[in-house]
Amino acid sequence: MATTGRRFTIDPITRLEGHGKIEVLLDESGNVERALLQVPELRGFEKFAEGRPAEDMPQITSRICGVCPMAHHMASTKALDSLYKVDPPPAAKKIRELIYSTFMTEDHALHFYFLGGPDFVVGPQAPAAERNVLGVISKVGVEVGKRVIATRKMLRELIIAVAGKVIHPVFGLPGGVARRITREEQEQFKKAAGEAVDFAKFTLATFEEVVLHNNDYVKLILSDAYAHRTYYMGMVDQENRLNFYDGAIRVVSPEGREVARFTADQYLDYVAEHVEPWSYIKFCYLKPVGWKGFEEGGESGVYCVAPLARLNAADGFATPLAKEAWHQYFDALGGKPVHQTLANHWARVIELLYAAERMRELAMDDEITSDNIRRLPTEIPKEGFGVVEAPRGTLFHHYQTDERGVIRKANLIVATQNNAARMAMSVDKAARGLVKNGQVSEGILNMVEMAFRAYDPCHGCATHSLPGSMPLVIRLWDRNRNLVAAVRRDSNGTVRTDMPR
Amino acid sequence: MEMISLKIDGKPTQVQDGTSILAAARPLGARIPALCYHPLLKPFGACRVCVVESRGTAGFELVTACNTPCAEGMDILTDSPHVLAARRVVLELMRARWPNVSILKELAAEAGLTTPRFGSPKKDENPEACILCLRCVRVCEEVVGACAIGYEDRGMRRRVVTPFDQPSEACIACGTCTSICPTGHIKLVPEDYRGKPAEFLLGPNTAIYMPTPQAVPKVPRIDADTCIHFKTGGCQACIDVCEPGAIRHEMEDEEIEVEVGQVLVTTGFGLFDASAMASYGYGRLDNVYAALEIERMLNATGPTGGRVLTKDGRTPRAIGIIHCVGSRDENHHRYCSRVCCMYALKFAHLVKERSHAEVYNFYIDMRAFGKGYEEFYSRVMDEGVHVVRGKVAEVVQAAWTGRENGTMLIRCEDTLIGRFREIPVDMVILCNALQPDDQARKVARLFGLSRSPDGFFLERHPKLDPVATTTDGLFVAGCCQGPKDIPDSVAQSSAAAARILATISKGAVEIEPIRAEISEEDCSGCRTCNPLCPYYAIEFLAEKQVSHVNAALCKGCGTCVAACPSGAIAGHGFSDRQINAELEGILAV
Amino acid sequence: METNGKRYQPRIIGFLCNWCSYTGADLAGVSRMKSAPNLRIIRVMCSGRVDPAFVLRAFRLGADGVLVAGCHPGDCHYKQGNFKALRRAMFLKRLLREFGVDERRLRLEWISASEGERFAQVTNEFTEQLRALGPLQLAAQPEAAAAAVQEVAAQ
Amino acid sequence: MSAKPKVAFYWCASCGGCEEAVVDLAEKVLDVVAAVDIVFWPVALDFKRHDVEAMPDGSILATFINGAIRMSEQEEMAHLLRRKSVVVVAFGSCAQLGGIPGLANFWSRDTIFHRVYQESPSTRNQQGTEPALETQVNGHAVTLPVFHETVRSLNQVIDVDYFLPGCAPTPKLLAQAVETLLSGNLPPKGSVLAPDTALCDECDRRETKPDRMMIKEFHRPHQVLANQEDCLLAQGLLCMGPATRAGCEARCVQGNMPCTGCFGPTSRVTDQGSKILSAIASIIDSTDEAEVSRILDSIPDPAGTFYRYSLPVSLLGGRRPEAIPR
């Protein structure tokens, strides 16, 4: 089939600004020469931001991702603070972090129960059709399922009340927020925060019970197949404690040494993007180290973000329960840094606990109902930088404007881009481990899928798999661009290998 | 009040207490001369000419009759030797100072005085010299109430003056002082006199006057600017003399509001000011007249009684009539004023009729377009009026001395013979252009009338609807719509009146179906349209929270339709759909 | 400018107000004045009726220029309509700029009922100006135009 | 094959927010799952394009497609799903109007690529590499889908039956839409499944609008402290509400920020941007050119503001290619 190159159909892997594609390229001996993870879509926010009023950016950039719009909204709003050199009143900062923690809580919950969780809670070996939220529910009980749904709903409705909308919020403005929080709303937040903390504790307990008390799972997590010795990046406060909303960006080496600590406005000195002709996504790397290809180790600039990286980059948590869980985590995984990709799940659940706790702290603070929620900008705008920790990793916004505050140039580095290189490496590694002499082990699907899921990939950004297995097809090509095999899982969840001829 | 009995020149008489001897004596035919005395004024006793002899038990005394009240049992002699001697000396002294003042001459003669025996260091030869009777000063204070003049110093050095010898602010130029002065020493000098009949300059020269001899209604009016009463609150002398009691000073201008359904605008025209064309000398040369001034001069009741006279009262030998002054002129009005040619010919005709002057008409084109006009033109030609085809270049003063009788030269090119000509005339008549009234712009704004570039009001259609305007119920007629003569004006206004009556008799007004309508279920109550309507036709229905168009008030401009952000307003007659369809159509090819 | 040998003939849409400009155009005709045939006139009661969407649609449907003409300020038959037209035109020009459409392609003129001469002169001048600017090539959005046309038909 | 009506979901150039809106049905999502047979939902379920191709034409009752059309593969999928579906619903602002990604129509493919892959300050790309339709990797030709010159709305690519507006649509409207479709009595083709009045109709602040709303100066949201009671437009903030379809329950205004128009215009308006422009220009309180121009200066980005979501379906469509600054 000489024309197979033209014949292949585009199948959704998962949505990485469109659909993902994996191409496995074999050498003569039928062994993997290269496995590529392709992101075949681009929208170009950096360009069409030009000419827009800066104050609209929080709402425009949130459209990068409808799943974590709050992350973009917040990074952008912080970029406006710096653009107009205006420091929000304390109340405004607290309201922002309160809403952000609320969002982090519901988003992490979403991932654990709807996306990543199924792998573990239901079990990696379970048929794909069961590995979805329904599967989770049947495993942990309908009550829990209802609780998950109810908790998310409660949290998202609170966000709507304050931020206007939960999908694409509107409340962020340079120097503060647009709307006050009423006393009634504070009461609701208190109540919700309480429930959220209980929910988080329950989730952590579930995770320990279902996963950590199961040696197979622990092995799986610790298995080298999912380990990459890379740099790790995350945001920390003055005491190097993990923070989502504000602080300095800290980078640790594969050995766990702090190699960099910088603020948003210095990001260009530390982060750079590499372009490959076979994908629309750009691959981030540490500028001081440089791009050495898709390689591990201290010589390569490849680094990792999101829960795993954040815990590696920080020295602890600011809230009691999370702090405790933090120690437990590193004791169990043999100390910092943890290189096992699958540990992301555990880390994420701990972050969920922290987010809920932080939410409770802020909800208790009466200052959030203050009227002093915004300071009007007085400076002439020129350039602004904003950074937050999105659920899926560090998120940079960088704007340059004219003196009226109209965007001249915008640059965005979105969470999953930071992970793109490491993710590609996982795919490659999985493929190499599993394809030998043109023979495909069917395990490749699960393996690759697990690797993916752990990253909770959200390429640039807007990327999620909702309930169910990650749909996946892998095509193997020989040297002459003949299709050796297409491995896919079908609707019924059974794996099928199509061999041409 | 008790009466007093006394004898004057032997005649017994009775007068009221307080009456002066002079007042008591004159009715009895006693000849008591007086200079400073005036019945309207308080007695003053300055001139001493009115001395009389009063005999009493203790002999006699000489008193001034003007300010000495009668007393019970008085015995007055007005021409006794004592009196005559004393009066003669008084007059002799006055004549010594003012030898030529006529009233003094007369009195002196009367008193049998010839040349005075004395001389005076302040001798004043002026026949109209001031004799310091001070009537003027007193009338100005006592009657006029203006107190504009007074006197300074005393004895020989006394003078009648305005304050600080400056033109008096208080003077209201009523002229009372001039009329009361026995010697004609005070004169009223109008400013900027240009040798025109007074009515063109000063307006009425009395406070009560008849606007024009043919005024309608033919009643006199008070000119508040001149009337003493409106300046000083005093006088009102007229009320005493008007037997029917027709005079009301308290009457005021009032604005009367009348509610009407239709309006006919006939605000007329203004006249081009010929002085704008300096080369024609209007306002500069004495005998250059504007058309309307000549109308008055030729009027039998006009200032000259209809006679054609130059400023210095001579009958002119030659008169030039210049057409198109300001009309058909790139620099002023491009249009033709339409009436000038014919009235110019009328002037020519009347001048011929009333004088032997040669008449020259300077014209660009002779436009005798109306019924019977051409005939009139040829008739005037037959009367020997000269016509020169050519625009006058300038009018210059050719004469400098009085003997040259103010002759002027009219310089122009005679385009018919292709020659440059200079024609001497004594009088020039300018045919000013008709132009829109100064107030036309205000009127236009008031009624929402459009104006054509020349400034006259715009009719709805030049051919098909020359009396209506673009606003329903608003009509125009006469010269406010454009220059026209009387017959045309009458015709146009009659037409307009007929149009108005037609609507009135119908009793109902038809309005265009073009109108905006808001669909209640589509309206979001955003209220964008509310402030846009020039006719306040859009109201906001609070209970329904939607806006509503009052169909009777809506004129269908469609501004709200174009503005409605949710497309809830339908523009009947010019709907989006209709206009879009038009666009489709005309852009299809 | 020359296109396929023939002189380029810009297509112009003119929205004329009923009371002043349309009458002015009429007068131009009555007075036998010469004016370019490129102007295709749509009569509206008032320049205030001109919805900016009409202007954009005209461009979309192939017009190279749009003339909006109304009464002189202060003379509007509806008192203020022409001022609304003025503000819309000013705003619309700014919008056109951002779409890369030369703002001179939209022209607002005050032409009174008596200014037939001016009407002719504006028309000729505008035609020449557009000739110099050349044809308007909008971003290709045939579907959008089609959709718009459908809607018109649907109404 | 079950007798339950078949429903499909698909996404094109979008952010996933519309997907989230589905999840935000919360407990209702289970009812939907129970009521219908979801035969295609790449984000959620493991069915492939070849499964769809295998279906008989018109076998899907309704397909909800969100996202604008930017890449060639999105266009292909749209056509495929159109063939297979009785009803296609453009789901969300991007599918209905082009949405925020549609703002890219102010630029060309090249200018976007240049910015993203060459000019961006964090990009290190000496060789000037750009993603290519076909690349040789170790002698293998690896391909990418085409990045179109412009962004298009769904109905500019395929025939669309219904539109469900919003960025993102509210779960409430989504639930109603599904109900309507299942009920069988379908609204006329082309209907937008939301109220047909402007947002003011459901805005709490309508009552506070002044009788004579004329505006002397516009403020940008960050320049003033808008009070939380009065009409924002009356406070001089440019609110798209009057020109935007209702249905979102004025959420942004409840957040004390002006509406940005994501629900698109009402059925009576074709071009949302020019309509709000007309309205705004009309209520500017000045007849003096200089002053008007000063007031207009306070609106920095009319095109991007008025066509925030509807640029691809606007009458002008986007910036003239010749006029795009390189």
Side-chain angles (χ1 to χ4, degrees), chain B residues 441 444-445 448-465 469-472 512 514-516 531-537 554-565 567 569-589, chain C residues 11-15 17-20 23 26-27 30-31 39-55 57-64 66 71-72 74-85 87-88 112-118 148-149 151-155:
Chain B
R441 183 161 200 75
R445 282 283 159 86
L449 284 163
S450 306
R451 303 201 303 160
S452 36
D454 52 30
F456 292 103
F457 298 148
L458 197 65
E459 64 285 350
R460 173 170 281 189
H461 191 283
K463 294 187 174 64
L464 306 178
D465 203 349
T469 68
T470 51
T471 311
D472 300 343
E512 299 252 20
I514 301 165
R515 148 165 357 103
L532 304 184
C533 182
Y535 306 101
Y536 306 100
C554 175
K555 290 248 180 290
C557 66
T559 300
C560 59
V561 183
C564 178
I569 309 182
H572 298 310
F574 287 82
S575 68
D576 286 10
R577 186 180 158 204
Q578 288 168 309
I579 292 173
N580 286 331
E582 272 187 83
L583 271 173
E584 304 293 332
I586 52 179
L587 282 169
V589 285
Chain C
R11 306 206 292 175
I12 312 174
I13 294 298
F15 293 98
C17 104
N18 177 63
W19 306 104
C20 296
T23 322
D26 188 27
L27 180 61
V30 173
S31 333
L39 185 75
R40 305 164 185 210
I41 296 176
I42 291 180
R43 179 177 70 104
V44 288
M45 291 310 280
C46 176
S47 51
R49 173 65 182 97
V50 179
D51 185 331
F54 297 157
V55 178
R57 191 185 300 275
F59 284 131
R60 167 51 62 198
L61 293 174
D64 300 298
V66 175
C71 311
H72 287 267
D75 294 346
C76 177
H77 181 64
Y78 303 103
K79 299 193 177 78
Q80 292 273 315
N82 51 0
F83 284 118
K84 281 138 195 155
R87 297 200 292 262
R88 289 178 190 144
S112 83
S114 55
E115 295 176 316
E117 198 175 348
R118 181 166 157 66
V149 176
E151 266 166 65
V152 174
Q155 281 167 356

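In this text, all values refer to a predicted model and were calculated from it rather than measured experimentally. Letters go in sequence order (proteins before strands), and every chain restarts at 1.
Heavy atoms of Ala444(B) lying under 4.5 Å from chain C are absent altogether. Looking at Asp26(C), the atoms closer than 4.5 Å to chain B (heavy atoms on both sides) all sit in the side chain, from C-beta outward. Interface remark: Val50(C) contributes backbone atoms only to the contact with chain B (heavy atom separation under 4.5 Å). For Arg43(C), the parts lying near chain B are the backbone and the side chain together; criterion is any non-hydrogen pair under 4.5 Å.
Rounding to the nearest 0.5 Å places CZ of Arg451(B) at 10.5 Å from OG of Ser114(C). Atom CH2 in Trp19(C) sits 9.0 Å away from atom OG1 in Thr469(B) (nearest 0.5 Å). Asp51(C) CG to Phe574(B) CZ: the interatomic distance, rounded to the nearest 0.5 Å, is 15.0 Å. Residue Ile514(B) holds its CD1 atom at 11.5 Å from CZ of Arg49(C), rounded to the nearest 0.5 Å. We find the CG-CD1 distance between Leu583(B) and Ile13(C) to be 5.5 Å, quoted to the nearest 0.5 Å.
Glu117(C) CD: 12 or fewer foreign heavy atoms inside a 6.0 Å radius.
Note on His72(C), Met45(C), Glu115(C): by heavy-atom pairs under 4.5 Å with chain B, the leading option is Met45(C). When the candidates Ser47(C), Gly81(C), Ala58(C), Ser112(C) are compared by the number of heavy-atom contacts under 4.5 Å with chain B, Ala58(C) comes out ahead. For chain C, the option among Leu532(B), Leu449(B), Asp454(B) with the highest count of heavy-atom pairs below 4.5 Å is Leu532(B).
Residues Ile586(B) and Arg40(C) share a closest heavy-atom pair of O-NH1, 2.6 Å. In terms of heavy atoms, Leu587(B) sits closest to Gly62(C) at CD2-C, 4.4 Å.
None of Lys79(C), Lys84(C), Gln80(C) except one satisfies the side-chain contact (heavy atoms from CB on, under 4.5 Å) rule with Thr559(B); the exception is Lys84(C). Partner Cys557(B) forms a side-chain contact (heavy atoms from CB on, under 4.5 Å) with one of Cys76(C), Cys46(C), Cys17(C) and no other, that one being Cys46(C).
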